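Keep in mind that this is a model prediction, so the values were computed, not measured.
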Amino acid sequence: MYEKNGEKYFIVDGHVHVWDARESNQKNVHGKQFIDCFYDYHKNLSPEEVVWDYDTYTYYGSERFERDIFVEGYVDHAIFQATLLSDFYHNGFGRTDEALALVAKHPGKLTYNHAYDPRHEEAGLEQLRKDADRMNLQGVKLYTAEWHGDSRGYKLDDKWSRRYLEECITLGIKNIHVHKGPTIRPLDRDAFDVSDVDKVATDYLDLRFVVEHVGLPRLEDFCWIATQESNVYGGLAVALPFIHTRPRYFAQIIGELLYWIGEDKILFGSDYALWTPKWLIEKFVDFQIPEDMQTEYAPITAPQKQKILGLNAAALYDIDVPADLRLAEPAGQEGVEVAAGARETVSS
């Protein structure tokens, strides 16, 4: 457990991967475009001393994962968010079997969320049932901009997507993580739009929708949706690294999130190996809203950081937390409280 200035932080990294983007696994030029875009994010938003070489970045393997997450990264529990991209990679981008082997090796420290694509229709539904049983799924990760044949994306409220969400309820899969963030080449920007989250969150109250990357660059749209919908959460992956390159921009992001949706619905994620958790955790624990911005955004407290860095995700996934750090009530249950200003704004 990470500790700083007498405060303890139970860390749940809610967004990690083991991927294989080596040339031998690339099915076409789009596979190279995708990993090149990932590497540009990594290189341009990371401190210079933690930037990897390109070859290591394309495939780093289990030993590196264990070191960066558990040995050096302060992480008490991590959650895999699968990314398949079957049209770009021969064996898929995410290494499913390797991730599942790590889950088995580290009981109680890793959770695996698999992916599905509703455009596979009935065959995909049957596969989801098998995956849920074999992988003990508590959550899934969806890429609404993923390509499938001639289709370059789908909406969460499409007919077949709704069928899959209903099946998730039947299977007890409650946590629906959706990539709704920055465009990744060659995927299409509009396919990541957050508006479809609003519809399904209203219609499926038994599910919890975690909007990964808090909808960037559509932060305002996301905040309005997540304020209205008690079952919509925000994942900080991709947003958090701006704490290094653009700290005032990050102050605006986290300030808006705390104002609108409150600290109970924000989840930490490194998006490993886009970034490593160690420096993100250290910088976030040390971070404070600049004084000249505190007329608009309240200072961030240690209890708020404790919730964001792990306690909120632990509540969603029933992860055991040390007794002295447990939340009084699970995050995201009845009547989630939002910032007073946001409540007044929305109700007026």
Side-chain angles (χ1 to χ4, degrees), residues 2-12 14 181 194 210-270 277 279-316 321 324-348:
Y2 185 62
E3 187 170 354
K4 184 74 178 286
N5 297 328
E7 299 285 353
K8 295 180 179 179
Y9 299 86
F10 183 83
I11 307 294
V12 178
V194 298
V210 181
V211 175
E212 297 294 348
H213 324 302
V214 293
L216 293 177
R218 309 166 190 85
L219 179 65
E220 185 175 7
D221 289 348
F222 165 72
C223 285
W224 281 91
I225 291 169
T227 298
Q228 296 280 5
E229 306 292 346
S230 64
N231 57 339
V232 174
Y233 301 74
L236 281 179
V238 177
L240 191 53
F242 285 108
I243 202 170
H244 169 65
T245 56
R246 296 282 308 281
R248 292 180 67 85
Y249 178 52
F250 176 73
Q252 179 185 357
I253 293 171
I254 195 68
E256 292 291 332
L257 291 170
L258 289 170
Y259 174 84
W260 287 101
I261 73 174
E263 67 267 21
D264 292 332
K265 298 210 293 176
I266 307 171
L267 310 179
F268 166 69
S270 68
W279 70 270
L280 292 171
I281 293 165
E282 291 173 345
K283 284 183 176 290
F284 183 65
V285 168
D286 291 344
F287 181 79
Q288 189 50 268
I289 300 289
E291 286 189 13
D292 66 316
M293 299 178 71
Q294 290 184 17
T295 56
E296 186 168 0
Y297 303 120
I300 307 176
T301 67
Q304 287 176 319
K305 293 176 181 178
Q306 287 167 335
K307 288 183 177 183
I308 293 167
L309 283 171
L311 301 183
N312 292 336
L316 295 184
V321 174
D324 58 334
L325 287 178
R326 290 175 188 165
L327 295 171
E329 295 181 1
Q333 297 303 311
E334 300 297 327
V336 173
E337 290 293 314
V338 299
R343 290 199 302 271
E344 292 168 3
T345 301
V346 172
S347 62
S348 63

Novice: Taking Asp264's backbone N and O only, do any of them form a donor-acceptor pair with Lys307's side chain (distance below 3.5 Å, no angle check)?
Specialist: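 Between the backbone of Asp264 and the side chain of Lys307 there is no qualifying donor-acceptor contact (under 3.5 Å).
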Novice: CG/Asp286 to NZ/Lys4 distance, rounded to the nearest 0.5 angstrom?
Specialist: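 Asp286 atom CG to Lys4 atom NZ measures 3.5 Å (nearest 0.5 Å).
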Novice: Show every donor-acceptor pair shorter than 3.5 Å between a side-chain atom in residues 237-254 and any protein atom, with sequence neighbours excluded, or say none if there are none.
Specialist:
| unit_1 | atom_1 | unit_2 | atom_2 | d |
| --- | --- | --- | --- | --- |
| Arg248 | NH1 | Asp292 | OD1 | 3.1 |
| Arg248 | NH1 | Asp292 | OD2 | 3.4 |
| Arg248 | NH2 | Asp292 | OD2 | 3.0 |

Novice: Hey, what do you get for CD1 (Ile308) to OH (Tyr9), rounding to the nearest 0.5 Å?
Specialist: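 One gets 10.5 Å once the value is rounded to the nearest 0.5 Å.
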Novice: Using side-chain heavy atoms (C-beta onward) and a distance below 4.5 Å, is Val12 in contact with Asn312?
Specialist: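 They are not in side-chain contact.
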Novice: If you round to the nearest 0.5 Å, how far is CD1 of Ile261 from CZ of Phe222?
Specialist: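 The distance works out to 4.5 Å.
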Novice: I need the Leu316 CG to Leu311 CG distance, nearest 0.5 Å.
Specialist: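 So the CG of Leu316 and the CG of Leu311 are separated by 11.0 Å.
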Novice: Decide if atom CD of Glu220 counts as having more than 12 heavy atoms of other residues, nucleotides or ligands within a radius under 6.0 Å.
Specialist: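 Not more than 12 within 6.0 Å, no.
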Novice: With no hydrogens and no angle check, is any side-chain donor or acceptor of Gln306 less than 3.5 Å from a backbone partner on Phe10?
Specialist: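 No, because the side chain of Gln306 does not come within donor-acceptor range (under 3.5 Å) of the backbone of Phe10.
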Novice: Give the minimum heavy-atom separation between Gly215 and Val194, together with the two atoms involved.
Specialist: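 Answer, listing the atom of Gly215 first, then Val194: CA-CG1, 3.8 Å.
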Novice: Could you check whether atom CD of Glu291 has more than 12 heavy atoms from other residues, nucleotides or ligands sitting under 6.0 Å from it?
Specialist: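 Counting neighbours around CD of Glu291, 12 or fewer heavy atoms of other residues, nucleotides or ligands fall under 6.0 Å, so no.
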Novice: For residues Val232 and Ala226, report the shortest heavy-atom separation together with the two atoms involved.
Specialist: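 The pair with the smallest heavy-atom distance is CG1-CB, 3.8 Å.
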Novice: Identify the heavy atoms of Gln294 and Pro299 that sit nearest to each other, and give their distance.
Specialist: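 Looking at all heavy atoms of both residues, the shortest contact is OE1-CG, 3.3 Å.
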Novice: Please report the interatomic distance CG(Leu309) to CD(Glu263), rounded to the nearest 0.5 Å.
Specialist: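 It comes to 12.5 Å.
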Novice: Do Tyr259 and Cys223 have side-chain heavy atoms sitting under 4.5 Å apart?
Specialist: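 Side-chain contact under 4.5 Å: no.
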Novice: Over all heavy atoms of both residues, which pair between Val321 and Ala314 is shortest? Give the atoms and the distance, please.
Specialist: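 Scanning both residues completely, I find the closest heavy atoms to be CG2-CB, 3.5 Å.
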Novice: Closest heavy-atom contact between Leu219 and Glu256?
Specialist: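 The pair with the smallest heavy-atom distance is CD2-CB, 4.2 Å.
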Novice: Of all heavy-atom pairs between Leu267 and Ala313, which one has the smallest distance, and what is that distance?
Specialist: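 Smallest interatomic distance, heavy atoms only, reads CD2-N, 3.6 Å.
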Novice: What is the distance from atom CG of Leu216 to atom CG of Asp221, rounded to the nearest 0.5 Å?
Specialist: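 The CG atom of Leu216 sits 11.5 Å away from the CG atom of Asp221.
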Novice: Begin from the C-alpha positions of Leu258 and Tyr297 and carry the test side chain to side chain contact (heavy atoms under 4.5 Å, CB included) through to its verdict.
Specialist: CA-CA 8 Å; Leu258 289 170; Tyr297 303 120; over 6 Å; no
Novice: With a 4.5 Å heavy-atom cut-off, do Leu280 and Leu236 have their side chains touching?
Specialist: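 When only atoms from C-beta onward are counted, Leu236 and Leu280 do not touch, as no gap falls below 4.5 Å.
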